[in-house]
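Proteins come first, then strands; the chains are lettered A, B, ... in the order of their sequence lines, and each starts at number 1. The shown structure was predicted, so the numbers you read here are calculated from the model rather than taken from an experiment.
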Amino acid sequence: MKIDLSEQIIELLSASIEKNIKEGRFPLKEAPQINLQVPKNKSHGDLSTNIALQIAREVSTKPLEVANLIVNNLETQNTIIDKVQIAEPGFINFWLKENWLFQNLEEIREKGEDYGELNLGKGKRIQVEFVSVNPTGPLHVGHGKCAAVGDSLSNILKKAGYKVEKEYYINDQGRQIDLLGQSVQTRYHQLLGEKREFPSDGYKGEYIKDIAQEVIAKFQDKYKGRDDQESREFFKSFALQSILAGIKKDLNDFGVEFDVWFSEKSLYEEDKLSEMVELLKQRGFLYEKEGAFWLKTTTFGDEKDRVVIRENGVPTYFASDILYHQNKYQRGFDKVIDIWGADHHGYIKRMKAALQALGYPPDFLEVLIVQFVTLIREGKEVGMSTRGGEFVTLRDLIEEVGRDVARYFFLMKSYDSHTDFDLDVAKSQSMENPVYYVQYAHARICSIIKKAKEAGLSLDRKEKVNLQRLSEEEELALIKELSLLKEVIKKAALTWRPHLLTNYLYELASLFHRYYTVHRVITDDEELSRARLVLVDCIRIVLSSTLKILGISAPESM
RNA sequence: GUGCCCGUGGCUUAAUUGGAUAAAGCGACGGCCUCCGGAGCCGUAGAUUGGAGGUUCAAAUCCUCUCGGGCACACCA
């Protein structure tokens with residue numbers, strides 16, 4: 001069987017259009033990009049294209065006429081195409097031979113969880129950087145959303161044939177880290193009974209005291225009364241290690257693992273900064289004004305130029321980010337995707353401008369902006385302030401609703417729309433809760449397969465099964481849905497939208513639940529039962545592998 | 001004030017990136033268990049896609065204006 005059938009049909013269409021060009025009917029230079037879609041309406045066939053409508057203007061011919069010319073030159077013998085029809089105002093609709101569906105099932109049986117893998121990326125290297133919170137406190141729920149999106153997106157890209165690296169950027173230097181160190185140090189002194197004023201803009205959370213306690217547990221009063229350089233460095237690095245360890249643990253428990261933890265500090269080790277400054281000067285994008293060095297980001301559409309090196313000689317955060325992205329480029333990625341919270345969106349222009357100033361293509365960097373999360377409990381918004389003991393951390397959320405639910409809820413809507421996270425729905429084990437709905441479908445299938453085995457019907461991957469017996473409307477609909485997986489992954493990978501998979505899962509589960517209530521898998525007719533077992537097993541495989549991409553478990557019973 | 005994101009049934013969101021009759025869930029109302037897991041299934045009601053123009057064979061989607069909501073506008077990170 002062929003690679004991908006939509007590819008096959010696109011090739012046929014291209015050939016036909018090229019023939020029309022060659023024979024002078026279409027005044028075009030080359031065949032255009034053709035898109036196939038799966039029509040919503042069954043009466044529009046299995047696949048459909050609007051190509052005639054799209055080129056009608058260019059070839060100055062009526063769309064219907066164009067469609068006719070294309071169809072007349074289409075070589076459909078010995079292909080998967082059963083019937084072609086032209087519809088107003090110029091769509092070309094394809095009906096496929098029924099056995100393409102069964103071939104699809106065979107493919108799923110053969111490939112198992114690898115079904116749906118694509119070669120879209122052709123091995124290109126993509127880096128996805130996400131979360132990257134300042135290590136000055138625990139992760140909150142918003143970071144959880146970023147983590148879920150970044151992690152699933154990475155999995156999707158992998159499945160689509162890209163080489164993906166997940167990275168976390170650690171801001172391990174600068175004022176915030178100084179403050180963190182001071183905060184812990186002050187708490188340490190206070191806990192040991194010394195009177196110390198807490199830094200006015202220090203970190204006031206309870207976790208700071210916990211860290212101070214850790215210090216006491218490990219080093220007792222070793223640093224008591226001291227405020228020298230060495231002890232300050234100690235508190236800084238101790239606090240950093242401790243918080244970072246917490247962040248790693250939270251992410252791990254959320255099912256997210258990074259390939260690289262990249263230190264901001266390391267950017268400054270070999271004086272890369274002055275190299276970068278020199279380069280930008282040479283390229284004419286860096287100038288001095290009022291004692292500071294400014295990058296001409298306005299050249300690339302930013303509202304104002306930005307300071308890179310302050311008057312006092314200290315590089316800004318922006319300087320680090322330029323260095324960091326330069327480093328990314330030098331590591332040879334074909335593309336890097338940064339996932340940022342909504343509060344950073346104003347930063348995109350200057351970052352892209354900086355990359356262009358360095359001479360990199362503007363689309364080397366893609367920034368996805370994730371909108372905020374609002375927690376709802378008993379119909380009311382949960383305050384995100386640290387006061388009042390209401391939970392705000394990712395850890396609390398995982399403990400309250402579970403990892404599967406949390407991830408699903410973050411991924412069921414487009415990341416660029418606000419998430420209203422209803423805790424009561426998230427905890428309910430009913431049809432209100434889409435996670436269980438999908439997982440339940442999986443568990444049901446497992447149960448059927450088990451039951452079948454007990455009845456002596458076991459599934460052997462290699463065994464020939466007469467799939468032609470699958471002829472019910474619900475069965476054909478299910479097989480079609482299964483075959484859509486590739487399209488969904490392709491689209492999700494090209495548009496960076498993980499929620500497409502969530503929607504797909506829900507739809508597949510829904511079709512299965514309907515099928516389940518109307519037809520029995522295990523019947524007196526053994527041949528039929530075997531065919532149906534293959535079908536439900538394929539559904540199980542697709543449910544399970546898609547859930548895996550989203551980082552959600554596929555329980556066999558629940 | 002300037003820039004970015006978002007306005008879709010009562011509520012929360014989809015819509016194959018410009019396609020054919022705007023699709024689901026919740027909530028409301030009415031049905032379905034002698035049978036593989038009822039955490040399920042079926043049906044009914046509910047929409048001028050915030051509003052006004054425009055672009056074209058075709059607009060929820062693109063452009064302009066306008067009204068609401070969020071976020072950002074530092075020699076902070």
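Note on Tyr515(A): every side-chain N or O is 4.0 Å or more away from OP1 and OP2 of rC41(B). A close approach under 4.0 Å does occur between a side-chain nitrogen or oxygen of Lys451(A) and OP1 or OP2 of rG37(B). Phosphate contact (OP1/OP2 of rU12(B), side-chain N/O of Lys413(A), threshold under 4.0 Å): absent.
Across rU2(B) and rA47(B), the matching C1' atoms stand 35 Å from one another, rounded to whole Å. As rounded to the nearest Å, rU61(B) and rG25(B) have P atoms that lie 25 Å from one another. Taking atom P in both rA72(B) and rG10(B), one finds a spacing of 31 Å when rounded to whole Å. The P atoms of rC41(B) and rG46(B) are separated by 23 Å, rounded to the nearest whole Å. Across rG50(B) and rA14(B), the matching P atoms stand 14 Å from one another, rounded to whole Å. Nucleotides rU13(B) and rU49(B) place their C1' atoms 13 Å apart, quoted to the nearest Å. Rounded to a whole angstrom, the distance from the P atom of rU64(B) to that of rG70(B) is 24 Å. Rounded to a whole angstrom, the distance from the C1' atom of rU55(B) to that of rC65(B) is 15 Å.
Heavy atoms of Leu500(A) sit under 4.0 angstrom from primed sugar atoms or phosphate atoms, though from no base atom. Among the heavy atoms of the strands, none lies under 4.0 Å from Thr136(A). Within the 4.0 angstrom heavy-atom criterion, only backbone atoms of the sugar-phosphate kind lie near Arg57(A); the bases stay farther away. Among the protein residues, His499(A) comes within range of the sugar-phosphate backbone only, with heavy atoms under 4.0 Å from sugar or phosphate atoms but none that close to a base.
In the interface, the side chain of Thr316(A) is not paired with the base of rA77(B) through any donor and acceptor atom under 3.5 Å apart. Between the side chain of Asp420(A) and the base of rU12(B) there is no donor-acceptor pair of N/O atoms closer than 3.5 Å. Below the 3.5 angstrom threshold, one finds no donor paired with an acceptor across the side chain of Asp178(A) and the base of rA77(B).
Across the interface with RNA chain B, nearest-nucleotide mapping of Asn312(A) and Arg444(A) shows Arg444(A) to be the residue nearer the 5′ end. Nearest-nucleotide mapping onto RNA chain B: of Ser557(A) and Glu311(A), the residue sitting toward the 5' end is Ser557(A).
Closest non-hydrogen pair, Asp201(A) versus Leu179(A), comes out as O-CD1, 3.4 Å.
Relative orientation of the Phe372(A) and His418(A) rings is perpendicular, given thresholds of 30° and 60° on the angle between their planes. Ring geometry for Phe318(A) against Tyr347(A) counts as perpendicular: the plane angle is over 60°, on a 0 to 90° scale with 30° as the lower cut.
Where stacking is scored as ring centres under 5.5 Å apart with planes under 30°, Tyr437(A) does not register as stacked on the base of rA39(B). Stacking is not found between His344(A) and the pyrimidine-like six-membered ring of the rA72(B) base under the 5.5 Å centre-distance and 30° plane-angle cut-offs.
Between Asp321(A) and Arg350(A) there is no salt bridge, since none of the side-chain N atoms of the basic residue sits less than 4.0 Å from a carboxylate O of the acidic one. Ionic pairing of Glu556(A) and Lys450(A) is not present here: no N-O contact between side-chain nitrogen and carboxylate oxygen is shorter than 4.0 angstrom.
Side chain of Lys352(A) to backbone of Leu365(A): a donor-acceptor contact under 3.5 angstrom is found.
With rU21(B), rA15(B), rC57(B) as the choices, the nucleotide that has an atom nearest any side-chain atom of Pro89(A) turns out to be rC57(B). Nearest nucleotide to the side chain of Lys40(A), out of rA15(B), rC36(B), rG25(B): rA15(B).
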